[in-house]
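Working notes for the structure below.
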Amino acid sequence: MESTSLELSQFAEDVIGGLSSTPKHLSSRYFYDDEGSRLFMEIMKLPEYYLTRAEMKIFTEQKDAICEAFSEGAGAVDLIELGAGDGTKTAVLIEHLLSKGVDFTYHPIDISQEANDALSSRFHEKFPALRIEPHTGDYFQVLGSLCNNNGRRKVVMFLGSNIGNFLRESAVAFFRDLRKVLSEDDRLFIGFDMQKDPRTIVAAYDDAQGVTSAFNLNLLRRINRELGGDFDLDKFSHYAQYRPMECAARSFLISREKQTVTIKAINRSFDFYQWEPIFMEISQKYTHAMIDELSRDGGFEIAREFFNEKDFYIDSLWRPI
Ligand code: AVJ
């Protein structure tokens with residue numbers, strides 16, 4: 001995906017802010033350039049990365065109940081997906097909705113035009129009867145434009161435990177923003193990865209093939225390419241941990257030696273001491289009490305839950321209160 005100069009300056013600003021802070025941090029929202037998106041697709045196929053398969057199992061085994069809950073009591077449905085990716089999981093639900101004759105239109109929203117184009121050509125071919133309207137842009141701008149009281153129920157999907165990348169306060173703010181653009185009859189469908197054996201979680205973020213390591217290091221490469229940085233990737237190593245008291249998995253890039261990194265586009269240098277960490281990503285895991293509290297603080301209540309008890313993963317359907 002090509003960055004516009006506006007995104008680039010936001011990126012540059014966030015890199016300056018993050019690398020000037022103590023402790024240093026970079027934002028996982030910048031992981032997904034073309035190479036980062038490709039690496040994430042590889043992560044989803046790793047034996048250790050159970051999340052995608054856990055959600056897929058819920059969709060294949062409970063699609064009837066899920067589709068029923070989406071459409072019951074509604075004339076027609078606008079199925080809106082925030083960050084659809086390659087759509088493999090969503091395809092299961094779409095196929096079922098079509099076979100049940102539910103009157104719906106699918107609205108994938110993504111920041112990447114390329115991702116949207118790929119998804120719509122795949123779905124056009126796979127489901128010739130599907131009404132699909134991809135939207136490129138910011139989630140809330142697009143949602144605002146869809147908020148036209150057309151009498152159709154909006155079902156907004158945010159899958160894959162993507163919510164886990166938000167700190168609690170940002171997650172609540174995100175749900176409140178969503179609440180503002182939804183009406184009482186609309187629904188929110190969210191994937192949550194639950195607390196489980198800490199070893200299972202650490203393995204998912206520290207895979208044996210090193211794909212997750214490459215995924216993290218790719219952000220340094222992106223800074224080198226887009227901002228003229230001189231990060232030497234061999235001088236940083238990926239480290240993943242899970243803290244069971246907070247249910248939080250975190251990843252870091254650790255400076256293996258004392259070094260100075262220069263970033264030309266912003267005309268700045270940053271010193272690293274030996275073993276200094278850069279905090280890269282949080283992947284929050286949840287207890288049921290946390291989901292309950294998040295829904296209430298966001299202005300919703302849990303209408304129904306679809307649980308994978310083998311992998312400890314929940315897709316939760318919320319209704320506005
Ligand atoms: C896309 C945010 C769900 O946190 O599990 C995968 C991203 N990072 N491996 C996650 C990710 C490292 C992923 N989400």
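Note that ligands are numbered from 1 as they come in the structure, with each ligand's atoms numbered from 1 the same way. Since the structure is predicted, the reported quantities are computational estimates derived from the model, not experimental observations. Index from 1, following the sequence.
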Looking only at N/O atoms, are Thr212 and ligand 1 under 3.5 Å apart anywhere?
-> no
So if you build clusters from Ile, Leu, Val, Met, Phe, Trp, Tyr with side-chain heavy-atom gaps below 4.5 Å, do Val155 and Leu182 land together?
-> no
Answer yes or no: is there a donor N or O on one side and an acceptor on the other, between the side chain of Arg250 and the main chain of Phe279, under 3.5 Å?
-> no
Going by heavy atoms, is Tyr32 under 4.0 Å from ligand 1?
-> yes
same_hphob_cluster(Leu39, Leu219) at 4.5 Å side-chain heavy-atom cutoff | yes
Considering heavy atoms of the protein only, find what lies nearest to atom 12 (C) of ligand 1 and give residue, atom and distance to 0.1 Å.
-> Glu281 OE1, 3.4 Å
Side chains of Ser27 and Asp14, donor plus acceptor under 3.5 Å = no
Taking atom 1 (C) of ligand 1 as the reference point, the nearest protein heavy atom with its distance = Asn162 OD1, 3.1 Å
re atom 3 (C) of ligand 1, the protein heavy-atom contact at minimum distance is Gly160 O, 3.1 Å
Of the side chain and backbone of Phe31, name the one, both, or neither that has a heavy atom under 4.0 Å from an atom of ligand 1.
-> neither
Classify the angle between the aromatic ring planes of Phe40 and Tyr49 as parallel (below 30°), tilted (30 to 60°) or perpendicular (above 60°).
-> perpendicular
Specify the protein heavy atom at minimum distance from atom 4 (O) of ligand 1: its residue, its atom name, and the distance to 0.1 Å.
-> Ser283 OG, 2.6 Å
Is it true that a side-chain atom of Gln259 and a backbone atom of Phe231 form a donor plus acceptor pair closer than 3.5 Å?
-> no
Quick one: look up the protein heavy atom nearest atom 13 (C) of ligand 1 and list residue, atom name and how far away it is.
-> Tyr49 OH, 3.2 Å
Is the backbone of Pro47 close enough, under 3.5 Å, to the side chain of Arg53 for a donor and an acceptor to pair up by distance?
-> yes
Identify the protein heavy atom lying closest to atom 2 (C) of ligand 1, giving its residue, its atom name and the separation to 0.1 Å.
-> Asn165 OD1, 3.1 Å
Heavy-atom gap Ser161 to ligand 1 smaller than 4.0 Å = yes
